[in-house]
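Below is one structure; the comments refer to it alone.
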Amino acid sequence: MPNILLLGGTTEASALARLLAARGISATLSYAGRTGNPRAQPVPVRVGGFGGVAGLADYLRDHRITHLVDATHPFAAQMSAHAIAAARLAAVPHIALTRPPWRPATGDRWNNVPNIAAAVGALAGPARRVMLALGRMHVDAFAAQPQHHYLLRFVDPPDSRPALPRHSLIVDRGPFTAGGDAQLMQAHGIDLVIAKNAGGTGADAKLVAARQLGLPVLMIDRPPAADRIEVYRPEEVLVWLAHDADRGV
Ligand code: 3Y8
Ligand code: NAP
């Protein structure tokens, strides 16, 4: 009988959890514990780190996990690297459920940068009104460009005031809508949007809104892809599981 560990925190992970629950396939969804009240799931949930590669390999053995599905975010590079290493150590089949990177469409005004530090560097110059839709984890890096007014959007209220002298803070969780994001950008007089190339449908509203308003986007490219099997749709994970079952795993 399969017993899946699903590393979650994304729309695709939640969609796969629903498919597994509907088929009565045993699965546990794992959150890092980054947000206060993560979405409820139709399968058992565990929250918090595993304690590195060794901790995850122990978890796989101790809980008799038969398949490891990494459905974390494309920028969760450390978790994904640990998943590959721990699956190998524990000899557990591993697959990544991810989403293709966004590609610019007609009318998009993108400027691609390789990482957060390069995005900060690209902000040198006169004050602008910048929508920083990166969540809470990377905000402090932008204190190096304090001249701008930043519109911040966090999932949870921050424990301390963000270290940016001029900012507005929205506490809201996605998925968002293009209409809602366009209204937000106009209300705050935004003239530049900064986004991570997360891919998927839960965070692309701001890109559609920026296109509609003719605003430039500073797009942060995702870390280089790891050497692993990748699928883009939850149904493909079920095919992969069935294939393993045929091989009598
Ligand atoms: C804790 C679990 C689901 C998953 C929903 C998706 C869609 C809505 C849009 C903007 C961009 C951002 C951020 C975002 C979106 C989905 C998805 C997605 C982007 C939750 C969740 C967890 C997280 C972690 C969170 C990070 C943050 C990133 C906010 C739950 C709500 C900016 C990513 O300390 C923090 O505030 C941490 C924030 C990590 C920053 C980052 O580094 O990217 N995601 N987001 C997961 C865990 O503990 O393991 O609370 O329910 C999940 C979702 N957030 O089940 O329906 O993309 O799948 N998440 C980005 O795209 O750049 C918001 O504001 O426009
Ligand atoms: P990260 O930097 O790659 O991981 C840092 C450490 O956090 C990992 O080594 C691991 O700790 C722990 N961790 C990460 N994901 C975990 C999970 N699903 N279950 C248990 N432990 C986890 O990851 P991150 O960028 O902080 O992202 C954290 C979580 O937020 C991920 O689950 C990711 O999917 C989610 N996220 C979602 C979005 C989105 O837009 N949907 C964006 C970013 C992040 P140990 O080393 O102790 O095991």
Side-chain angles (χ1 to χ4, degrees), residues 1-50 56-57 59-88 90-103 135 155 173-177 196-205 208 222 225-249:
M1 275 300 283
N3 182 23
I4 319 294
L5 175 62
L6 173 53
L7 303 178
T10 58
T11 303
E12 292 72 19
S14 299
L16 177 56
R18 287 193 293 275
L19 288 181
L20 294 170
R23 283 159 179 74
I25 297 174
S26 166
T28 301
L29 187 140
S30 177
Y31 280 123
R34 287 228 176 276
T35 53
N37 55 342
R39 168 196 287 266
Q41 295 288 346
V43 296
V45 169
R46 67 166 297 288
V47 180
F50 295 96
L56 178 52
Y59 182 94
L60 295 174
R61 293 187 198 99
D62 300 348
H63 291 77
R64 303 196 191 304
I65 299 297
T66 59
H67 298 80
L68 176 57
V69 180
D70 176 2
T72 59
H73 188 267
F75 280 76
Q78 179 171 297
M79 184 69 259
S80 293
H82 287 189
I84 294 169
R88 194 172 294 136
V92 168
H94 164 285
I95 195 167
L97 170 58
T98 184
R99 48 262 190 132
W102 292 313
R103 300 246 181 279
V155 177
R173 71 170 42 220
F176 303 103
T177 63
K196 291 193 308 207
N197 198 327
T201 54
D204 64 353
V208 177
R222 54 178 65 177
D227 174 18
R228 62 186 185 175
I229 305 170
E230 286 189 359
V231 293
Y232 291 151
R233 292 184 312 107
E235 294 75 9
E236 294 175 86
V237 176
L238 297 185
V239 171
W240 177 74
L241 289 172
H243 173 76
D244 251 16
D246 294 348
R247 290 192 324 173
V249 172

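Listed for the Trp102 side chain is a donor-acceptor partner under 3.5 Å among the backbone atoms of Gly200.
When every heavy atom of Ser30 is checked against every heavy atom of Arg46, the shortest pair comes out as OG-NH1, 2.7 Å. Counting all heavy atoms, side chain and backbone alike, Ala21 lies closest to Pro42 at CB-O, 3.6 Å. Taking each heavy atom of Glu230 and Ala225 in turn, the nearest pair found is OE2-CB, 4.2 Å.
Between the side chains of Ser26 and Asn3, at least one donor N or O sits under 3.5 Å from an acceptor N or O.
The CG atom of Leu5 sits 8.5 Å away from the CG atom of Leu29 when rounded to the nearest 0.5 Å. Here the CG atom belonging to Asn197 is positioned 6.5 Å from the CZ atom belonging to Phe75, to the nearest 0.5 angstrom. Put simply, CG on Leu68 and CZ on Arg88 are 12.0 Å apart, with the number rounded to the nearest 0.5 Å. The CG atom of Leu6 sits 8.0 Å away from atom CD of Gln41, with the distance rounded to the nearest 0.5 Å. In this structure, NE2 in His73 is found 9.5 Å from OG1 in Thr11, a value given to the nearest 0.5 Å. Rounding to the nearest 0.5 Å places CD1 of Ile229 at 12.5 Å from CG of Leu97.
Taking the ring centre of Phe176 as origin, the terminal cationic atom of Arg173 falls outside the region bounded by 6.0 Å and 45° from the ring axis.
The residue from Val231, Val237, Val43, Thr10 that alone fulfils the side chain to side chain contact (heavy atoms under 4.5 Å, CB included) condition with Leu16 is Val237.
Listed by first then second residue, pairs satisfying salt bridge (Lys or Arg N to Asp or Glu O under 4.0 Å) with a partner in residues 59-87 read Asp58-Arg61, Asp70-Arg228, not counting sequence neighbours.
Applying the ring pair (Phe, Tyr, Trp, His ring centres under 6.0 Å) test to Trp240 and every residue at least two apart in sequence or in another chain returns His67.
Ring planes of His63 and Tyr59: parallel class, angle under 30° (limits at 30 and 60°).
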